[in-house]
Amino acid sequence: MQHYGYGIVTIIVMMESMGLPLPAETCIITAALYSLKTHHLAIEGVTAAAILGAVIGDNFGYLIGRHVGLPLLQKHGAKIGLTADRLLLGEYLFHHHGDAIVFFGRFISVARVFVALLAGACQLRWPRFMLFNALGGTCWAGGYALGTYILGNQITKLSGKVGTAVGIIGAACLVGCAIFLKKNEKKLMQRALAEAKTGQFPPA
């Protein structure tokens with residue numbers, strides 16, 4: 001970490017953003033804490049490396065998805081939970097809400113691996129993708145790096161009732177999000193199927 005820290009952060013974040021299931025968040029947090037405790041890395045460098053990896057990796061993922069992604073996902077997507085119906089739903093969502101998905105998908109660990117691939121596969125226009133990818137990557141990577149560094153000392157002090165309360169609230173939020181997405185997936189799927197019957201989605 002002392003000698004190759006910036007490169008490690010850039011490569012791991014970049015490869016996860018391309019579609020490989022690597023622990024990018026853990027890497028950013030570890031590098032930020034290492035910077036805080038040892039000062040062998042500058043937090044500005046960690047932040048820049050994380051943002052660079054996020055933006056470059058997503059662009060590579062987008063290009064892969066645009067050229068080979070959809071046929072590949074149609075053939076093998078079911079193995080990782082991307083069934084034909086979910087691919088259709090993804091196409092529908094990208095055509096209607098592509099900007100928001102690219103931006104906010106960055107903050108969801110499972111979605112982050114697939115967002116760029118799906119954006120390319122669903123033919124989201126590159127200028128729009130690049131804009132919201134850069135904004136999302138900057139907020140996500142920069143937020144994790146700087147937030148961890150600034151709050152690093154305070155995070156370790158969360159204990160007892162406060163720590164328990166934070167854990168309960170976090171778990172409740174996760175359960176609530178899962179229920180919401182599960183309920184709305186069926187409704188959105190019906191809309192996507194109805195729109196697909198017309199033969200085309202509107203331009204993304």
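When reading the values below, keep in mind they use all heavy atoms of this one structure, side chains included, and skip hydrogens, waters and symmetry mates.
Ring pair Phe132/Phe103: centre-to-centre distance not below 6.0 Å.
The main-chain N or O of Ala145 is never found under 3.5 Å from a side-chain atom of Thr47 such that the two would form a donor-acceptor pair. A side-chain donor-acceptor contact under 3.5 Å links Tyr6 to the backbone of Ala42. Judged by distance alone, the side chain of Thr148 and the main-chain N or O of Ala32 form no donor-acceptor pair under 3.5 Å. Without hydrogens or angle criteria, Tyr62 side chain to Trp126 main chain gives a donor-acceptor distance under 3.5 Å. Side chain of Ser17 to main chain of Val13: a donor-acceptor pair is present (N/O by atom type, distance under 3.5 Å, no hydrogens or angles).
Looking at Leu146 and Ile43, their side chains come closer than 4.5 Å, going by heavy atoms from C-beta outward. Annotation: side chain of Tyr4 is not in contact with side chain of Val9 (no heavy-atom distance under 4.5 Å). Within the 4.5 Å cutoff, side-chain heavy atoms of Ile8 are placed close to those of Ile12. For the pair Asp58/Phe129, a side-chain contact is recorded, criterion being any heavy-atom separation below 4.5 Å from C-beta on. Residues Met130 and Val55 have side chains in contact (heavy-atom distance under 4.5 Å, counting atoms from C-beta outward).
Under the 4.5 Å side-chain heavy-atom criterion for Ile, Leu, Val, Met, Phe, Trp and Tyr, Ile11 and Ile51 are members of distinct hydrophobic clusters. Linking Ile, Leu, Val, Met, Phe, Trp and Tyr whenever their side-chain heavy atoms come within less than 4.5 Å puts Leu131 and Leu63 in one cluster. Note on Leu22: it does not cluster hydrophobically with Phe60, by side-chain heavy-atom contacts below 4.5 Å among ILVMFWY residues.
Distance CG/Asn59 to CE/Met18: 11.0 Å, rounded to 0.5 Å. The CG atom of Asn133 lies 10.5 Å from the CD1 atom of Ile56; values are rounded to the nearest 0.5 Å. The OG1 atom of Thr10 lies 13.0 Å from the CE atom of Met15; values are rounded to the nearest 0.5 Å. Atoms CG and CG, on Leu33 and Leu41 in that order, are 11.5 Å from each other to the nearest 0.5 Å.
Within a 6.0 Å sphere centred on OH of Tyr34, other residues, nucleotides and ligands contribute more than 12 heavy atoms.
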